[in-house]
Amino acid sequence: MATETFYEVMRRQGITRRSFMKFCSLTAASLGLGPTFAPKIAQAMETKQRTPVIWLHGLECTCCSESFIRSAHPLAKDVVLSMLSLDYDDTLMAAAGHQAEAVLDEIKKKYKGNYILAVEGNPPLNEDGMYCMHGGRPFVEILKEAAADAKAIISWGACASWGCVQAAKPNPTRATPVHKVITDKPIIKVPGCPPIAEVMTGVITYMLTFDRIPELDRQGRPKMFYGQRIHDKCYRRPHFDAGQFVEEWDDDAARKGFCLYKMGCKGPTTYNACSTMRWNGGVSFPIQSGHGCIGCSEEGFWDKGGFYNRVTNINQFGIESNADKIGGTIAATAGAAVVAHAAATALSKARSDNGNQAKSDQTKGGK
Amino acid sequence: MTVNIGIKAEDETAAGKTIFVYEWPVRLWHWLNALSIVILAVTGYFIASPLPSLSGEASDHFLMGYIRFAHFTAAYIFAIGFLVRAYWALVGNHHARELFHLPVTSRKWWSEMLHELRWYFFLEKLPNKYMGHNPLAHLMMFLSVTLGGAFMIFTGFALYGEGAQEGHWSHTLFTSWLIPLFGQSQSVHSWHHLVAWGIVTFMIVHIYAALREEAMSRQTIISSMINGTRTFRD
Ligand code: SF4
Ligand code: SF4
């Protein structure tokens with residue numbers, strides 16, 4: 001196990017050299033690298049020792065795994081799975097029970113400081129972490145132990161990256177994203193609910209082949225997939241710029257595929273690769289299927305108001321209201337106050353004018 | 001010396017006496033700023049809540065594009081104006097500094113603020129005379145124009161930089177740290193809206209107060225922002 005290279009693992013899995021080379025080109029392309037990078041990836045995979053990956057599951061729905069195993073290019077999935085499944089993923093691996101936990105211990109010892117820890121879901125911290133148990137122990141403990149000797153951590157999906165639905169207000173279990181629990185390791189966030197399969201395989205292949213983490217933005221997301229908003233590459237953008245919007249779900253504009261901005265599309269505030277890579281092997285993505293983006297890869301997207309309003313509700317004010325309603329009310333109140341004040345001024349002036357004719361003359365006479 | 005508050009030497013504020021207050025850059029900035037705020041508020045509203053959908057081919061229209069263009073152009077005028085105005089606070093006369101300086105440690109300033117408030121609640125017969133802003137106006141101006149304006153410039157360019165993308169100065173200077181600070185872009189949008197409404201509210205009060213002061217106070221107000229001079233009436 002220790003001396004095998006990626007290439008050897010793949011060959012052992014029955015992948016032909018031709019398929020292997022195709023995979024390398026595909027990976028280079030999906031990572032946005034030039035064609036000259038394909039042989040470099042191939043060479044890296046032929047010579048480098050396989051990096052083991054431990055894949056842990058916390059509080060989650062497993063949609064990230066579901067997405068991952070449906071990676072468009074069957075090869076990408078096979079290749080990456082062959083790198084992964086040998087190690088530890090309690091959903092995908094064959095071993096179970098004590099046998100499985102023994103594997104986990106073995107990897108941690110054998111590859112101390114060299115393995116990648118991939119986390120799907122997050123640890124709940126309330127009640128000493130009892131809301132999520134793993135082999136009879138709180139998940140947060142398992143996570144901390146596995147993280148201690150890991151080289152780097154991948155936070156899969158909105159759960160591990162931001163907290164997602166289980167961390168939505170009032171967050172009864174105190175579900176907490178990984179980076180708030182593990183603070184001393186490089187963490188790569190791959191948000192989305194779930195993330196796109198090709199983004200997941202892309203990130204993990206990059207790390208396995210180049211032996212370093214991809215370039216991240218300030219929030220810890222790989223720039224190559226999260227550098228642009230859905231809106232920046234949306235194929236409905238011309239309709240947005242033209243001012244052509246779907247006003248109702250079944251109107252003519254909806255049939256014509258106009259922009260979904262007025263239906264609450266979160267494309268303008270969401271960083272993800274859906275509008276470029278699309279889903280299900282590039283077949284489509286939510287907007288192409290006629291529904292606005294709900295901003296699933298953004299921090300706290302459950303708590304940022306409705307999926308169907310553009311100006312969303314802000315709950316800090318204790319009432320269900322959006323910025324424009326609150327602001328409009330304040331401005332209107334100010335307008336009314338001004339009118340009332342003007343009336344009061346006129347009244348008090350008239351009164352003082354009556355009372356003091358001399359002063360009134362002076363006021364009128366003065367410039 | 002930096003701030004001029006209260007009644008100064010009697011002869012300076014004697015009836016009919018005219019003094020020079022607002023230099024031409026300040027006056028020009030005031031009106032350009034007013035214009036850009038109106039454009040920003042109107043176009044901003046229509047960016048968030050667009051006009052009814054247009055039919056036909058997308059290539060026949062560019063309505064949203066033009067509205068956004070107007071918003072961004074006005075935003076540049078607003079922001080550059082803000083910078084030039086800040087510069088003028090350094091090199092202009094002491095009235096030009098009021099916008100960027102609050103004499104919060106001056107007990108007199110606060111007590112006159114109270115007097116001004118009482119005047120607005122009809123509890124005082126006569127307001128004080130001022131060469132520049134009265135303390136209440138001064139505070140409002142600082143909160144809305146200086147702080148509110150800076151906030152709108154920061155959040156505005158952070159949102160602009162999202163579209164301009166990495167490598168653009170607005171992305172480097174604002175987007176790169178402001179979006180993470182708020183958590184995500186949607187919250188920045190919400191705050192940009194809230195403060196915009198705050199500025200609209202300020203405008204309503206400001207225009208009313210200027211008209212009212214023109215009629216009721218003891219010095220000229222509106223003409224001062226046109227010809228730069230202030231005349232005392234009593
Ligand atoms: S559908 Fe959404 S992402 Fe696409 S152009 Fe309209 S607002 Fe932007
Ligand atoms: S379009 Fe938006 S909501 Fe849908 S998967 Fe992509 S980021 Fe998530």
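Hydrogens, waters and symmetry mates play no part in the numbers below; they use all other heavy atoms, side chains included.
- Considering only heavy-atom pairs separated by less than 4.5 Å from chain B, the leading option among A/Phe258, A/Phe301, A/Tyr261 is A/Tyr261.
- Contact of A/Arg237 with chain B is made through the side chain alone, with heavy-atom distances under 4.5 Å.
- Residues B/Trp169 and B/Phe157 place their aromatic rings such that the two centres sit under 6.0 Å apart.
- B/Phe174 and B/Phe154 have their aromatic ring centers within a separation under 6.0 angstrom.
- Heavy atoms closer than 4.5 Å to chain A are found in the side chain of B/Phe122, but not in its backbone.
- Judged purely by distance below 3.5 Å, without hydrogens or angles, the side chains of A/His291 and A/Ser289 never pair a donor atom with an acceptor atom.
- With 3.5 Å as the limit, one finds no donor-acceptor pair spanning the side chains of A/Thr270 and A/Asn272.
- At a 4.5 Å heavy-atom cutoff, the contact between A/Thr345 and chain B is made by backbone and side-chain atoms alike.
- Looking at B/Ser187, the atoms closer than 4.5 Å to chain A (heavy atoms on both sides) all sit in the side chain, from C-beta outward.
- Within a 6.0 Å sphere centred on OH of B/Tyr66, other residues, nucleotides and ligands contribute 12 heavy atoms or fewer.
- Heavy atoms of B/Glu162 lying under 4.5 Å from chain A belong to its backbone as well as its side chain.
- Side-chain contact annotation: B/Gln186 with A/Lys304, donor-acceptor N/O pair under 3.5 Å absent.
- The six-membered or imidazole ring of B/His168 lies near that of B/Tyr160, with a centre-to-centre distance under 6.0 Å.
- When heavy atoms are compared at a cutoff of 4.5 Å, A/Lys256 does not approach chain B at all.
- Between chain B and the residues A/His239, A/Lys262, A/Lys266, the largest count of heavy-atom pairs under 4.5 Å involves A/Lys262.
- With chain A as the partner, the residue from B/Phe202, B/Trp177, B/Tyr120 showing the most heavy-atom pairs under 4.5 Å is B/Tyr120.
- A donor and an acceptor atom, one from each side chain of A/Thr269 and A/Glu298, are nowhere located under 3.5 Å apart.
- The part of A/Glu247 that comes within reach of chain B is its side chain, from C-beta onward, which places non-hydrogen atoms under 4.5 angstrom from that chain.
- Top candidate by heavy-atom pairs under 4.5 Å with chain A, chosen from B/Ser53, B/Pro52, B/Ala209, B/Ser185, is B/Ser53.
- Side-chain polar atoms of A/Gln219 and A/Tyr226 form no donor-acceptor pair below 3.5 angstrom.
- Between chain A and the residues B/His189, B/Glu166, B/Arg212, the most heavy-atom pairs under 4.5 angstrom are made by B/Arg212.
- Contacts with chain A were tallied for B/Gly65, B/Gly198, B/Gly183; B/Gly183 has the most, counting heavy-atom pairs under 4.5 Å.
- With ring centers used as reference points, B/Tyr22 lies 6.0 Å or more from B/His30.
- In terms of heavy-atom pairs under 4.5 Å with chain A, the best-connected choice from B/His192, B/Met203, B/Glu57 is B/Glu57.
- The choice from A/Cys259, A/Ala331, A/Gly227 that makes the most heavy-atom pairs within less than 4.5 Å of chain B is A/Ala331.
- If you tally non-hydrogen atom pairs under 4.5 Å between each of A/Arg229, A/Arg310, A/His341 and chain B, the highest count goes to A/His341.
- For the set B/Gly163, B/Ala196, B/Pro180, the entry with the most heavy-atom pairs within less than 4.5 Å of chain A is B/Pro180.
- Interface remark: B/Leu181 contributes no atoms to any contact with chain A (heavy atom separation under 4.5 Å).
- Around the OH atom of A/Tyr235, the shell of radius 6.0 Å holds more than 12 heavy atoms that belong to other residues, nucleotides or ligands.
- Proximity to chain A is limited to the backbone of B/Leu51, based on heavy atoms less than 4.5 angstrom apart.
- Panel note: side chain A/Ser297, backbone A/Pro191; no donor-acceptor pair is recorded below 3.5 Å.
- Interface check for chain B: of the options A/Pro238, A/Gly300, A/Ala337, A/Ala344, the most heavy-atom pairs under 4.5 Å are formed by A/Ala344.
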